[in-house]
Each structure stands twice: as C-alpha cells, then as structure tokens.
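Note sheet for the following structure.
Everything quoted here is computed from the prediction, not taken from an experiment. Chain identifiers are assigned alphabetically (A, B, ...) following the order of the sequence lines, protein sequences preceding nucleic acid strands; residue numbering begins at 1 within each chain. Values below: every heavy atom of this structure, side chains too, minus hydrogens, waters and symmetry copies.
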There are 2 protein chains.
Amino acid sequence: MRGNLFAVAVDLVILTVRADRLAALLVRRGIPPFQGELALPGGFVLPHEDLLDSARRELAEETGLSLGDHHLEQLASFAAPDRDPRGRVLSVGHLALVPDLPDPEAGSDAAASAWHEVAAIGALAFDHGRILGEGIERARAKLEYTTLAATFCPPRFTVAQLRRVYEAVWGTALDPRNFQRKVTSTPGFLIPTKEMTSSGRGRPAQLFERGPATGLHPPMLRDPA
Amino acid sequence: MRGNLFAVAVDLVILTVRADRLAALLVRRGIPPFQGELALPGGFVLPHEDLLDSARRELAEETGLSLGDHHLEQLASFAAPDRDPRGRVLSVGHLALVPDLPDPEAGSDAAASAWHEVAAIGALAFDHGRILGEGIERARAKLEYTTLAATFCPPRFTVAQLRRVYEAVWGTALDPRNFQRKVTSTPGFLIPTKEMTSSGRGRPAQLFERGPATGLHPPMLRDPA
DNA sequence: CCAAAAGTGTTTATAATACACCCATGC
DNA sequence: GCATGGGTGTATTATAAACACTTTTGG
C-alpha cells in the first residue's frame with residue numbers, strides 16, 4: 001500500500017415528488033470550497049463505517065428520516081483527479097427515494113437544506129450536477145421495471161397518487177384507466193385496504209399500501225402525450 | 001479533511017465467451033494477503049488517474065487488449081471496513097466484455113492470469129466473489145436491452161455465433177429462426193457484409209459487423225428450454 | 001441421396017394501447 | 001342535474017413465440 005490515499009465521501013441524490021413535480025434535496029454550502037453554492041447532501045465516510053451505513057446516517061441527518069422502508073441504493077463513484085480543490089476525494093453517489101416530507105426545519109444539519117424542483121436546478125458545486133443527473137436517470141429507469149414508485153408515496157395512497165408520481169418523474173401523461181388495471185394486476189405492487197378517501201371531488205378512491213414486490217415486473221405503460 | 005483516508009483500487013470483471021461458455025479472467029495471487037488464491041485482476045489507482053483510465057490500464061496490462069471498441073463500465077464500489085486485512089481499501093469494480101482471445105501469455109502482469117469458466121469458479125480472494133457475481137448479473141441484464149452481446153464476438157461474425165453468446169451468458173436455448181429475424185431487424189445492431197463463411201457443415205452464413213447501436217432495443221427473446 | 005445449418009414465411013398466443021361506458025361523490 | 005374523478009369492459013393493434021418449409025453447403 002502506497003501513499004496514493006483518497007478521502008472518501010458519500011453524496012446523496014434524495015428525490016421526492018412534491019406538488020406533482022420531481023424534486024431533490026439540496027444544501028447551500030456554508031464553508032469553502034464553493035461557499036454559498038448549492039450542493040448535494042453528503043459527507044466523509046467514518047473510519048469504521050460501511051458505505052450504505054454512511055449514506056443512511058447522512059440521510060437521517062439531512063432529512064430526519066430514519067429510513068424505515070425507504071429506498072437507498074448506491075449509484076456510482078466519482079473520482080476525477082481535480083473534482084475537489086482540496087485534494088483527492090472519491091465520492092460514492094447514492095440514490096434515495098422518499099415520500100413528500102414537510103420542509104426541512106432548522107436545527108441539526110438540515111438547516112441549510114431545501115427541496116428544489118429538478119427542472120429548475122442550475123449549476124451545483126463540485127461535480128454534483130453530474131451525480132444528480134445520474135440519479136434522476138436511474139430513478140426514471142427503475143420506475144419502468146420495479147414497483148419503486150410507491151416509495152414516493154405516503155403509507156396509504158390512491159392509484160391516482162401513484163400515477164401522478166409516474167407522470168412527474170417521466171414528464172408524460174398516462175391513461176388513468178390502463179394505469180389502474182396495470183398496477184392493480186401486478187402481483188406484490190399494491191396491498192388493498194378497506195378504506196376509501198373521504199374528501200375530494202369525484203368518486204372516492206380506494207386506499208392502498210406498498211406491496212412487498214422487490215424485483216421486476218412487466219414494463220409500465222407510457223402513453224403518448 | 002480528516003485522517004480517515006482510504007486506499008482506492010480498481011478490480012475488473014473481464015468476461016468473454018469461450019467454447020460456448022461464459023468465462024472470466026482471474027489471476028493467482030503471488031503475494032499475501034490471500035497468496036496463492038484466485039482473485040480478480042486489478043490494482044491501486046495512481047495519484048492523478050481517473051477510475052476508467054485506471055481500469056483501462058489494468059485491462060491492457062492483464063490481457064494485452066488496447067480496448068479499441070470493447071466495452072468497459074463501472075460496476076459498483078465495495079468498501080466494507082474489513083474487506084482487506086491490510087487496512088481500509090475501497091475497490092471500484094468494473095465490468096469489461098471482450099471477444100474470445102488467445103490464452104494470456106507469459107510476460108508482463110498477465111503471466112499468472114487465465115480464463116476460468118464461470119460455472120466452475122469457487123471462492124475468490126477478498127470480496128471478489130461478490131464483485132464477480134454482480135458483474136455477471138449486470139452482463140446478463142444488459143444483453144436483454146442492449147446490443148452489447150456483439151462485443152463478445154470477433155470483428156466479423158455470423159448470426160449463429162451471436163446466438164451462442166446469448167445462450168452461453170443466459171444458459172438458455174434460443175430459437176435460431178426467431179433469433180435471426182430479431183437481431184437482423186433491430187436497427188443498428190448488425191452491419192451486413194457481402195462475405196459469407198467459407199467452411200463448415202451446412203449452408204454458408206452471412207458475416208456481420210457490430211453496428212453502431214449504443215442504447216436500448218426491444219427485449220431479446222428468451223425461449224424456454 | 002442425406003444430414004446439417006441458414007434463412008423465410010405463416011400461424012397463434014399474449015400483451016399493450018385506445019377508448020366507450022358506468023359509478024359515486026360534491027356542489 | 002352536472003362536473004369530476006374512480007373504476008370496468010372491450011375492441012384494436014403490436015409483439016412474442018411456435019413451427020412448417022425452402023435454401024445451400026459437405027459428405
């Protein structure tokens with residue numbers, strides 16, 4: 001082992017759907033480098049910490065989420081020699097999908113963090129723009145073959161809420177009728193409850209919970225606009 | 001930046017198809033730890049080197065391949081605190097798909113390396129068994145949605161050769177007639193040449209070259225056994 | 001001639017799409 | 001009643017899969 005040592009960080013692409021728009025949690029940096037600029041939440045890996053544990057810890061610190069059944073996965077590593085002016089830093093990007101949360105409140109590390117609609121995000125510190133881009137791309141791809149979309153929803157949700165998640169992430173319109181049949185007939189996607197939505201215009205909708213499906217399912221439908 | 005520094009290595013899952021079997025290039029370790037055991041090719045990242053450059057360099061050293069149009073991509077990073085007895089080492093796994101090559105010859109680093117049929121590979125040094133497993137899984141998944149299978153083939157190949165690649169990687173039998181129509185009708189997959197195979201039993205087959213397709217194509221067919 | 005592999009055409013099953021239509025609520 | 005969204009049924013279309021058949025070589 002030689003002296004070519006790296007600092008190792010984890011950075012998080014934390015996505016949610018708010019007001020029918022895909023949004024990411026970003027922090028405004030309080031210290032150099034890139035002071036005052038927007039960046040992904042993240043930090044250095046502790047001496048005896050595994051990568052996912054480190055990402056889970058950062059996620060909890062930034063969002064207050066204890067990440068019970070939420071989704072967290074490794075994205076990719078970024079280690080361009082000049083990506084950090086302080087020296088050689090390898091960052092392991094992670095992707096988290098969380099339900100719509102109340103705005104991050106003051107206190108702990110979350111003070112400087114806020115949700116930003118992804119369509120309106122400009123340049124970020126370091127190479128975080130690229131990491132964010134890969135996270136969004138991965139999320140879009142995974143919705144097509146997994147039941148992960150439900151992780152964007154609260155514990156109980158309607159089929160229409162779930163559909164709006166797909167529409168927000170993909171930026172397309174889906175046929176509500178075909179969507180309904182598709183998701184309700186995919187084994188393990190949705191667990192029906194006996195409750196219905198009480199308020200709102202139109203006929204009340206049945207409430208569902210996230211099913212246990214982890215793996216793949218036949219492709220989701222993408223209607224033309 | 002604190003003293004929690006890591007050594008960073010790249011390890012390579014180098015896959016090929018030899019004699020209709022999926023095979024990986026492995027090295028036998030000449031020094032501790034895990035002296036004498038089989039491991040993935042790899043090594044430490046140099047001070048000013050990017051990850052893919054480092055992987056390309058290791059690939060060239062181990063196989064002699066200059067990696068013109070061959071495939072190389074990052075897989076994932078592995079950093080369990082105890083994965084290397086020498087200390088904290090983060091390894092960035094990479095996946096390379098190469099055509100069937102002559103056996104690695106003595107000289108350079110390739111001396112101790114050899115192809116191993118993946119079905120016959122036992123325990124590997126470090127956590128390389130897991131990295132290999134993820135590489136194989138990724139390769140299997142990507143054949144289904146990309147035209148990557150052709151990177152396992154020599155510069156000119158027949159449809160039957162390409163089919164045997166799918167059959168080797170997936171371990172399934174495919175219908176030669178449906179396969180033919182499928183691959184020849186996928187835009188950008190195959191470039192037809194005017195040449196035919198000269199020898200061999202049966203009717204001569206047309207030779208093709210790798211097409212330019214990079215992205216996705218409709219799912220490949222998987223026939224039942 | 002026969003066996004073997006290449007390649008084409010046709011039929012059948014399955015899944016995706018489009019869309020007509022009925023249901024249950026708020027106003 | 002009427003607008004709004006929830007939910008079901010069905011026709012149409014694309015695609016995958018199964019397989020009969022012709023072509024072209026070597027022996």
Rounded off to whole Å, could you give me the [atom1]-to-[atom2] distance for the [X] and [N] pair?
{"X": "B:F208", "N": "C:dA6", "atom1": "CZ", "atom2": "P", "value": "11 Å"}
{"X": "A:F157", "N": "D:dG6", "atom1": "CZ", "atom2": "P", "value": "14 Å"}
{"X": "B:L174", "N": "D:dA18", "atom1": "CG", "atom2": "P", "value": "11 Å"}
{"X": "B:Y166", "N": "D:dA17", "atom1": "OH", "atom2": "P", "value": "13 Å"}
{"X": "A:F179", "N": "D:dG5", "atom1": "CZ", "atom2": "C1'", "value": "15 Å"}
{"X": "B:Q180", "N": "D:dA16", "atom1": "CD", "atom2": "C1'", "value": "17 Å"}
{"X": "A:K182", "N": "D:dG6", "atom1": "NZ", "atom2": "P", "value": "20 Å"}
{"X": "B:D175", "N": "C:dG9", "atom1": "CG", "atom2": "P", "value": "16 Å"}

B:S185 (side chain) donor-acceptor with B:R181 (main chain) under 3.5 angstrom |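 Yes, the answer is positive, given that a donor and an acceptor are paired below the 3.5 Å cut-off.
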
Among B:L25, B:L72, B:L40, B:V92, find the residue that satisfies the side-chain contact (heavy atoms from CB on, under 4.5 Å) test when tested with B:L12.
->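 The single option meeting the side-chain contact (heavy atoms from CB on, under 4.5 Å) with B:L12 is B:L72.
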
Compute whether any side-chain donor of one residue and acceptor of the other, for A:T16 and A:D100, lie under 3.5 angstrom apart.
->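 There is no such pair (donor and acceptor under 3.5 Å, judged by atom type) between the side chains of A:T16 and A:D100.
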
A:S77 and B:S77: side-chain donor and acceptor closer than 3.5 Å?
->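 Yes, because at least one side-chain N or O of A:S77 sits under 3.5 Å from a partner of the opposite role on B:S77.
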
For the rings on B:F208 and B:F189, is their centre-to-centre separation under 6.0 Å?
->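 No, too far apart.
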
Fit a plane to each ring of B:Y145 and A:Y145, take the angle between them on a 0 to 90° scale, and name the class: parallel (under 30°), tilted (30 to 60°) or perpendicular (over 60°).
->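 Answer is tilted, since the angle falls between 30° and 60°.
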
Of the candidate nucleotides [options], which contains the atom at the shortest distance from the side chain of [X]?
{"X": "A:R177", "options": "C:dA16, C:dG7, C:dA20", "value": "C:dA20"}
{"X": "B:P204", "options": "D:dG9, D:dT25, D:dA16", "value": "D:dT25"}
{"X": "B:A205", "options": "C:dA16, D:dT8, C:dG7", "value": "C:dG7"}
{"X": "A:R181", "options": "D:dT10, D:dG6, C:dG7", "value": "D:dT10"}
{"X": "B:R201", "options": "D:dG7, C:dA5, D:dA17", "value": "C:dA5"}
{"X": "B:R203", "options": "D:dG7, C:dA5, D:dA18", "value": "C:dA5"}

Please name all residues satisfying ring-ring contact (aromatic ring centres under 6.0 Å, His included) with A:F126, sequence neighbours left out, ordered by chain then number.
->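 With sequence neighbours excluded, A:F126 shows a ring-ring contact (aromatic ring centres under 6.0 Å, His included) to A:F34, A:H128, given in chain and number order.
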
Specify the angle, to 10°, made by the local axes at the two ends of the helix from C:dC1-D:dG27 to C:dC27-D:dG1 when five pairs are taken at each end.
->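 One end's axis against the other's: 10°.
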
Base of C:dA16 paired with side chain of A:N178 (donor-acceptor, under 3.5 Å) |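 Such a pair does not exist between side chain and base.
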
